[in-house]
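See structure below.
Computed from a predicted structure; not experimentally measured. A, B, ... follow the sequence lines: proteins, then strands. Residue 1 opens every chain.
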2 protein chains.
Amino acid sequence: MTSEALARALNTNPVVVRRLMGGLREHGYVHSEKGHGGGWTLSCQLDRVTLRDIYEALDAPRLFAIGNRSEKTECLVEEVVNDAMSGVLADVTAQLLARFGQITLAALHADFHQRLAARHAPATLCK
Amino acid sequence: MTSEALARALNTNPVVVRRLMGGLREHGYVHSEKGHGGGWTLSCQLDRVTLRDIYEALDAPRLFAIGNRSEKTECLVEEVVNDAMSGVLADVTAQLLARFGQITLAALHADFHQRLAARHAPATLCK
DNA sequence: TCTCATGTAACTTCATGTGTTGCTAGAGTG
DNA sequence: CACTCTAGCAACACATGAAGTTACATGAGA
């Protein structure tokens with residue numbers, strides 16, 4: 001499948017697709033080929049890759065919209081609040097990643113086919 | 001304490017302080033007075049207000065940097081992934097808020113004074 | 001050699017949060 | 001009464017980061 005086609009399906013731009021897929025390629029989840037007839041192919045077993053793997057392959061972007069304004073501070077009040085929040089955020093992050101780590105692509109794939117069957121529709125890409 | 005003074009302590013602008021404090025005032029955590037000698041005064045018991053209360057008084061700003069691109073979609077793949085992620089995010093959000101709900105301002109206050117004593121420094125605002 | 005792909009850098013656009021200005025209104029002071 | 005000090009508020013400007021776009025290089029088949 002080409003970046004072009006994926007971009008259309010995802011309502012975005014081929015270059016954006018390449019940027020994202022680049023991370024997946026580096027981890028061996030997909031393979032790309034240049035030139036005529038090239039494009040992207042899956043190169044992993046769906047039951048061995050989780051949402052967490054994907055997240056990390058995508059360079060682990062920021063998860064939270066909240067957080068400390070600065071890591072180090074002179075202000076004792078800020079320090080106290082930072083420490084209180086950091087502790088919670090660290091724990092919650094760990095739990096979130098653990099949960100993502102339990103969701104395999106195979107599970108999503110199965111879910112997809114189940115919903116598809118329920119829709120009595122043929123299997124095509126969104127676009 | 002005036003917005004002016006708070007802004008200096010927080011390295012920000014008086015108007016920004018008023019915007020934030022406005023939420024706290026609506027919930028009765030602080031009280032404000034105009035005019036000469038006016039400013040902000042605390043009007044709650046520190047042991048009865050938690051970080052969660054503060055968060056909600058501040059209009060519950062976005063917690064996560066990740067999330068669904070769109071709530072409703074025609075795309076079955078997107079739907080499957082959204083549902084998988086939404087479930088995790090909802091759970092994790094609940095846990096985060098629960099944790100915040102256990103951290104009272106009194107606890108932070110106590111922590112502050114403990115650290116202050118350890119520093120052998122007088123109690124003054126950062127700036 | 002032409003076309004079709006990815007790879008990549010640089011730039012533009014957009015969204016969101018933060019900061020700033022200017023003005024209003026209320027409250028004490030001289 | 002005039003003056004000063006304060007919050008309240010709307011409107012605008014700026015900063016940041018994510019997403020989208022353009023342009024060009026490289027590789028591979030036809």
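The two residues B:A7 and B:P14 have their closest heavy-atom pair at CB-N, 3.4 Å.
Between D:dT21, D:dG29, D:dT6, one nucleotide has an atom nearer to the side chain of B:T2 than all others, and that is D:dT6. Distances were taken from every side-chain heavy atom of B:W40 (C-beta onward) to each of D:dA7, D:dC5, D:dT21; the shortest belongs to D:dA7. Between C:dT8, C:dT21, D:dA30, one nucleotide has an atom nearer to the side chain of B:N13 than all others, and that is C:dT21. Among the nucleotides C:dG7, C:dA25, D:dA23, the one closest to the side chain of B:K34 is C:dA25. When distances run from any side-chain atom of B:T12 to the nucleotides C:dA5, C:dA25, C:dG19, the shortest one goes to C:dG19. Nearest nucleotide to the A:S32 side chain, out of D:dG29, C:dG19, C:dG7: C:dG7.
Straight-line distance from the CZ atom of B:R8 to the P atom of C:dG19: 16 Å, rounded to whole Å. Taking atom CD1 of A:I66 as the reference point, atom P of D:dG17 lies 17 Å away to the nearest angstrom. Regarding A:E26, its CD atom lies at a distance of 14 Å from the C1' atom of C:dT6, rounded to whole Å. Atom C1' of nucleotide C:dT18 and atom CG of B:L20 are separated by 10 Å, given to the nearest angstrom. The distance from atom CG of B:D59 to atom C1' of C:dG17 is 14 Å, rounded to the nearest whole Å. Counting to the nearest Å, the C1' atom of D:dG27 and the CZ atom of A:R25 are 13 Å from each other. The interatomic distance linking A:H36 (NE2) with D:dT26 (C1') rounds to 17 Å, in whole Å. The distance from atom CG of B:L10 to atom P of C:dT20 is 13 Å, rounded to the nearest whole Å.
OP1 and OP2 of D:dA19 both lie 4.0 Å or more from every side-chain N or O belonging to B:R69. Taking side-chain N and O atoms only, B:R18 has no distance below 4.0 Å to OP1 or OP2 of D:dA10.
One finds no salt bridge joining B:E74 and A:R119 here, because no Lys/Arg side-chain nitrogen approaches an Asp/Glu carboxylate oxygen to under 4.0 Å. Taking a cutoff of 4.0 Å between a charged side-chain nitrogen and a carboxylate oxygen, A:D59 and A:R19 do not qualify as a salt bridge.
With ring centers used as reference points, B:Y55 lies 6.0 Å or more from B:F100.
A donor-acceptor contact closer than 3.5 angstrom links the side chains of A:T50 and A:D53.
A donor and an acceptor atom sit less than 3.5 Å apart, one in the side chain of A:R19 and one in the base of D:dG20.
Backbone-only contact: A:G39 has heavy atoms under 4.0 Å from sugar-phosphate atoms and none from a base.
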